[in-house]
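Start at 1 with the first residue, then count along the sequence. Everything quoted here is computed from the prediction, not taken from an experiment.
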Amino acid sequence: MIVDELIDLIRRRAVTWTGTALPTGIADSAQSHQQELQMFAAVRALSIGAGYSEFESDGIASAVMTQLG
């Protein structure tokens, strides 16, 4: 399952950062959750790169972040 594979990559520190630009409206609140948002964006980008739709990738990234706690 892709969620388990992504969590394994994160635990091995193969996924750590992405240079995603944040929309202006959430930039301030994002500062306090910057690492989580970067991880979410990285996992989402990997999922999209693996051929999943943006909608599916949002769900996959959410599931990964939930399991990571």
Check your understanding: With sequence neighbours left out, what residues match T66 under side chain to side chain donor-acceptor pair (under 3.5 Å)?
Key -> none
Study note, to complete from the structure: With sequence neighbours left out, the residues meeting side chain to side chain donor-acceptor pair (under 3.5 Å) with Q67 are none
Same apolar cluster: [X] and [Y], side chain cutoff 4.5 Å:
| X | Y | answer |
| --- | --- | --- |
| L9 | M39 | yes |
| I48 | I60 | no |
| Y52 | M65 | yes |

Review point. To the nearest 0.5 Å, how far apart are CZ in F40 and CG in D58?
Key: 5.0 Å
